[in-house]
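The structure appears below as structure tokens.
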There are 2 protein chains.
Amino acid sequence: MRSASVKDVAARAGVSLGTVSNVLNRPDRVSSSTRERVEAAMGELGFVRNESARQLRTGTSQTLAYVVLDASNPFFTDVARGMEGAAEAHGLSLVLCNSGQRPDREAAHLALFAQQRVQGILVTPVDPTSPLLDRTRTLGTPVVIVDRTRHDASFCSVSVDDELGGRLAVEHLVDRGHRRIAFIGGPMEIGQITDRLRGARAAWADAGRPAEDLVVLVTDWLDVAGGREAGARLAGMSSAKRPTAAFCANDLIALGLLQHAISSGTSVPEQLAIVGYDDIEFAAAAAVPLSSVRQPRHELGRAAADLLLDEAGNPDHEHRQVQFTPELVARRSTG
Amino acid sequence: MRSASVKDVAARAGVSLGTVSNVLNRPDRVSSSTRERVEAAMGELGFVRNESARQLRTGTSQTLAYVVLDASNPFFTDVARGMEGAAEAHGLSLVLCNSGQRPDREAAHLALFAQQRVQGILVTPVDPTSPLLDRTRTLGTPVVIVDRTRHDASFCSVSVDDELGGRLAVEHLVDRGHRRIAFIGGPMEIGQITDRLRGARAAWADAGRPAEDLVVLVTDWLDVAGGREAGARLAGMSSAKRPTAAFCANDLIALGLLQHAISSGTSVPEQLAIVGYDDIEFAAAAAVPLSSVRQPRHELGRAAADLLLDEAGNPDHEHRQVQFTPELVARRSTG
DNA sequence: GACGCCGATTGAAAGGTTTCATTCATCGCC
DNA sequence: GGCGATGAATGAAACCTTTCAATCGGCGTC
């Protein structure tokens, strides 16, 4: 039971095949009586337009694709929502694939989308320097890097000023009078983590504080478990050496740290102030609402989609690296 | 600069177009010397196989689609991970679209996937009774309903026994000695919410407790804000009438309730015990780790994908409604 | 030396849609 | 009543791949 084609519809409605196509694509060009006849035939036959054939003929697709780094991190799903808005405004659909931080899956998804001839690919790559990105673009599919960046200007990208974010967090802690603080995050291979740390150190130095009073605790990964473990390490320090505040490289770490503090009877923020990063929904909803560095997630997604559409459609497109400004949201976890 | 086609590759490699196709699809049929020549030509021309043309000719696609109800709920992203595993095992890709609970977007995504002739569509619908689902299947695309169900057996579906889940939660609270409890959730149009409530009431009755000692607080939606607000309502009750435990219809509600309790000085679980539902990652990581009814999220996704593949590939497929069994995970929030 | 066989290669057809230059029909107007 | 203009409908060509029956060339065998 092969599904009906325009030809079948045309036969049934007693019109030519071109007319059916006109009904589909330029309904104004067709008289209302035949239009109705054609539409009736479509209904009776259960006609579903074959997108492959359409796309083959026209060479254009109606979709943008986003290869997500980690679909279970709320940050990325919010970014994707911003993209959806932009795509919808242009009459396009956004489809997602999740790489789950696996380079092989990332590669497979990139290849699939390239073969599908999507209008363009948004990607938060496992490794932004991967030559696979260059290859994908060279082969004809526009690519925009999301929440990461290439230091040369070889790709369009959208990101947030992580150095400033680090700075904001530490300036806030300095304002609150802290004289010994911790930076918690890792792994240090991720450029953004080191940027945040650099900003943190700069702000600390600007405040005239000695470098050794900013303790760095490196975690294996940016998840809740890493935060808990860091909490245990903090608790193990002598009270003289123990920081009175912690700046965590993302909210998951901060939540883990908070959890450890509460369960071990450390009061937040009195004995330990905490600043997170990302301002995910759960940050405001934590037991002690978290201060956090907010990234404009929806704008990030929207801007990325807009850049991609420009790259895809504008003949004299130039690569741009958009950088957004983060913002500190002070809540109870810093007093 | 149109991208190269098999014809271009064939010309460059000095072979026929059929041979190029053989290199792509049956590399064993082609001598290694010509194969190398063809592959070299592909590399030089930047050939990318046109998936639309392939699909048009063969009639088969390599993808499954999942229309997610709410991509920002970690529960659904975990379900999607289970689907990814099943898809990968069959050499297929899974693509996601988010309806964000908007029926119009759900409809648009269903239409898109049907036109793309994906192998099948997994969907957590806004409304499982929507005729759109029937229409999509009638028009030729297999559909499996995820985490919802049709009460007639008209569709394959996977879900979890919500009545049992409600039962487990309340039995646990009864075991803990609570004699007055609350059910918090809503809106009541969602079948699953009412199922959980029915199970809760049944267990309560089985324990010989009077119906009026199970207080129902209806929320507008299953989010953190709803939980906070319910917390305020609980706090407003006289201590004689105030329940000593709450069973929340999902973890987001439970987290909101927990947050309210902590910030208002109510100790958990001593003054208020809390059971959530879904057992999302943040449940275990909450300030007071949440007891919760765990749904087998990955299995749910995997089973859904398997059903879909059977419906798509097996000529004498019969619709099945798979129901999984939930499990109570006791943590600190219930003592 | 002819024959048959086998693996390697070929090339035309098919798949469903869109496009566009043509044709057809109708109508108003001189 | 004939003419041009206008609007509607037509149908062949093109998009790129895969498939499959047919051809080719080389080899071993009788």
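The model shown is predicted, which means the values in this text are computed figures rather than measured ones. A, B, ... follow the sequence lines: proteins, then strands. Residue 1 opens every chain.
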Verify the contact: side-chain N or O of S52(A) to OP1 or OP2 of dG15(C), cut-off strictly under 4.0 Å; return yes or no.
-> no
Which residues pass the side chain to side chain donor-acceptor pair (under 3.5 Å) test with T124(B), sequence neighbours left out?
-> Y66(B)
How would you label the contact of V6(B) with the nucleic acid (heavy atoms, under 4.0 Å): base, sugar-phosphate, or nothing?
-> base
Specify the separation, in whole Å, of atom CZ of R29(A) and atom C1' of dT19(C).
-> 11 Å
Collect all protein-nucleotide pairs involving nucleotides 5-7 of chain D in which both atoms are nitrogen or oxygen and the distance is under 3.5 Å.
none

In this structure, which one of D278(B), D78(B), D147(B) forms a salt bridge (charged side-chain N to carboxylate O under 4.0 Å, His left out) with R297(B)?
-> D78(B)
Interatomic distance, Q55(B) CD vs dA14(C) C1' [rounded to whole Å] = 16 Å
Strictly below 4.0 Å, heavy-atom distances to any atom of DNA chain D: list the hits from residues 9-28 of chain A, or just say none.
-> V15(A), S16(A), L17(A), G18(A), T19(A), N22(A)
Does R102(B) CZ have over 12 foreign heavy atoms under 6.0 Å away?
-> yes
Separation of dT17(D) C1' from Q116(A) CD (nearest whole Å) = 15 Å
Side-chain N or O of T58(B) closer than 4.0 Å to phosphate OP1/OP2 of dT19(D) = no
Whether H109(A) and F113(A) hold their rings parallel, tilted or perpendicular, with breakpoints at 30° and 60° = tilted
